[in-house]
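A short worksheet on the structure shown next.
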Amino acid sequence: MELVLSKWVFAFSLTWWATFSGAYSVEGLRGGSKVRGVNLGGWLVVEGWIKPSLFDGILNGDMLDGTEVQFKSVTLQKYVCAENGGGTGVAVNRDAASSWETFKLWRVSASEFQFRTSQGQFLTCEGEGCSISATANTSSAGKLFYIERNSNNRVHVKLTSGAYLQATIGNQLTADYPGKPGWDDNAATFEMTIVVNNLHGDYQLANGYGHSKAKEILKKHRNSFVTMEDFKFLYRHGINAVRIPVGWWIAFDPNPPAPYVGGSLEALDNAFSWAQAYNIKCIIDLHAAPGSQNGMEHSSSRDGTTGWPTSPDYISQTLDVIDFLASRYARHPALLGIELLNEPSAASVPLEVLVPYYKQGYQIVRKYSSTAYVIICQRIGNADPLELYQANIGSNNIVVDLHYYNLFDTFFVNMSSEDNIQYVYKSREAQLQALSSANGPLAFIGEWVNEWNVTNGSQKDYQNFGRAQLEVYGAASFGWAYWTLKNDRKHWDFEWNIRNNYLQFGNSPAKQIFNNVVLLGLSLLSSFCILYYSGHHKSCICWPSVKYPRKSKTKNPKYEIGRLVNPMNSPTIVNGIAIPMAEITTVEQSTCREATS
Ligand SMILES: *[C@@H]1O[C@H](CO)[C@@H](O)[C@H](O)[C@H]1NC(C)=O
Ligand SMILES: *[C@@H]1O[C@H](CO)[C@@H](O)[C@H](O)[C@H]1NC(C)=O
Ligand SMILES: *[C@@H]1O[C@H](CO)[C@@H](O)[C@H](O)[C@H]1NC(C)=O
Ligand SMILES: *[C@@H]1O[C@H](CO)[C@@H](O)[C@H](O)[C@H]1NC(C)=O
């Protein structure tokens, strides 16, 4: 009877306490209820803007895959143009340059390239005098061109045969310039303009350096950019999860298809071990799918195109990657969830393609785990996240990931700091409320940052913006993850924000422990009093014996690497979410004294 009653008091107290400190909903997390996560961006999926120095050693590093170039004949003063954007002839007859006059580079070496038109064809050379046309539908049908650069943007272009291209009087482009041209104004000399050079992903890095050098660079990067020390830092600051972007080639480790470089799987294994040591959970996020789901460097697009939705092969390969990841990590105690695809583009990925993919991905994860969260990402661009709430992807532990940046849209340009904060409180909060009342998947703000379009915001401005975001995104039912752990741009760098006090998590850990102990004590006391005065003659007070959370024992020795026995000497308790469930459960084992009336 006493024991039953003591459990009853305990349960009652817990309810009270949970009411005070925020209801919990996400299974298996330290620090209670929701994900307070950080992304490990730019680590296993390279993003040049996060760490530009990775690209420093590449020869002709401004001519990587996907770089967009235009050519102007110095004699005709006209641009080279693929008529209709490709599929037919090429002329040297345009006064101004736009998309038809722009060619994407496919890099073969520092000086050898293929040229791709805006409609996707490759330049080739056919017929008499070898006239350049844009009629090759595949890269293998296209020609290889050597580019020789002079200092003042002037270039010569030649074929493997040694023949130089020239702009003829009749505005054709032919590979029949007699002999070797000089750098004076002649028909074989062109001015090359680099118009867009914004892709710096794994493809560009590996293909830019070549395999052996890329292997060396990536090995160093993967071993140093994120380490166990970072997990310790996250643990100390109340972070309970990491979202880890990975690329599809991880499934082919250690020998992924060229130009990708193996080794990211070993690094992911390390992350799981470190996470386990610090009681942090991992979300594996498929950031780059074969063919690219959004044309950006972080989906490892080769040239800015979005091939993923156009080929059933790409989609089935992607499902194989999910199968690989789920089978490998489903039983790992540090796994929280698997995100099936990051940021598919609304412009290129139709819902009719995405929804069946998500449904199949959900089933695959469920083959290996009945509890791992399956996370589906909203489409970026012009798409309403409600579309995924209505899509019926799966029934259990499903989460929709939304990315909230007050950036990347002219809408945010010229907004004041106060405008930004109001936007978070009004629009973001309203959307989150609408989604939670949709009664479907959990909501996750899987990417956000303490940065905006405000120039020269003060530290106080940033603190206020950060606080508003933490408050509003903290209401998301699954939680949030900051983008990103480390970044060359300091305001994007989580560690910089914390160390420099630009992002404040409210109370200091010591004060939070105090607050939470007081809160727990109060709720225990009050529930005891209620029971006591509601007519029970016998009751029980439970004294919580506060213990540190036990590390769950792993059975798989593979995951023992780098594990710590006792990483920290105190539990981290986070603002408003409080004492880890592991500690609360120790109450049941605690000493129980009878109180009689
Ligand atoms: C390239 O594709 C187009 C459109 O499908 C087709 O009409 C054309 O014949 C193809 N060209 C070659 C050389 O195969
Ligand atoms: C931002 O302000 C500048 C200067 O007042 C103005 O020229 C520009 O058009 C504004 N941009 C937007 C997107 O409102
Ligand atoms: C704000 O946005 C404009 C236009 O996109 C961009 O040029 C500028 O660099 C941005 N400023 C900041 C501080 O992000
Ligand atoms: C922002 O700060 C920089 C460096 O302190 C300064 O050069 C610039 O003029 C400032 N811009 C504005 C809009 O205040």
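Note that ligands are numbered from 1 as they come in the structure, with each ligand's atoms numbered from 1 the same way. Just so it is clear, the structure is predicted and the values come from calculations on it, not from any experiment.
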(Q) Any nitrogen or oxygen of Asn453 lying under 3.5 Å from a nitrogen or oxygen in ligand 3? Just yes or no. (A)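 Yes, at least one N or O pair falls under 3.5 Å.
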Measuring to protein heavy atoms, does anything land under 4.0 Å from [atom]?
{"atom": "atom 2 (O) of ligand 3", "value": "yes"}
{"atom": "atom 11 (N) of ligand 2", "value": "yes"}
{"atom": "atom 7 (O) of ligand 2", "value": "no"}

Whether [X] and [Y] hold their rings parallel, tilted or perpendicular, with breakpoints at 30° and 60°:
{"X": "Phe478", "Y": "Phe444", "result": "perpendicular"}
{"X": "Tyr405", "Y": "Phe408", "result": "perpendicular"}
{"X": "Tyr482", "Y": "Trp448", "result": "perpendicular"}
{"X": "His287", "Y": "Trp483", "result": "parallel"}

Q. Does Phe412 have a non-hydrogen atom less than 4.0 Å from ligand 3?
A.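 Heavy atoms of Phe412 never come under 4.0 Å of ligand 3.
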Q: Measure the spacing between OH of Tyr209 and CG of Leu218 and express it to the nearest 0.5 Å.
A: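 Going from OH on Tyr209 over to CG on Leu218, the span is 9.0 Å.
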Q.
Show the atoms of ligand 3 that are less than 4.0 angstrom away from any heavy atom in Trp452.
A.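 So the answer, numbered in order with elements, is 14 (O).
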Q. Cation over ring, Arg36 on Phe505, under 6.0 Å and within 45°?
A.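 Checked: cation-pi criterion met.
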(Q) Which residue and atom name correspond to the protein heavy atom nearest atom 14 (O) of ligand 2, and how close is it? (A)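 Its nearest protein heavy-atom neighbour is Asn414 ND2, 3.2 Å.
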Q. Taking non-hydrogen atoms only, is Val413 closer than 4.0 angstrom to ligand 3 via side chain, backbone, both or neither?
A.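 The side chain, only.
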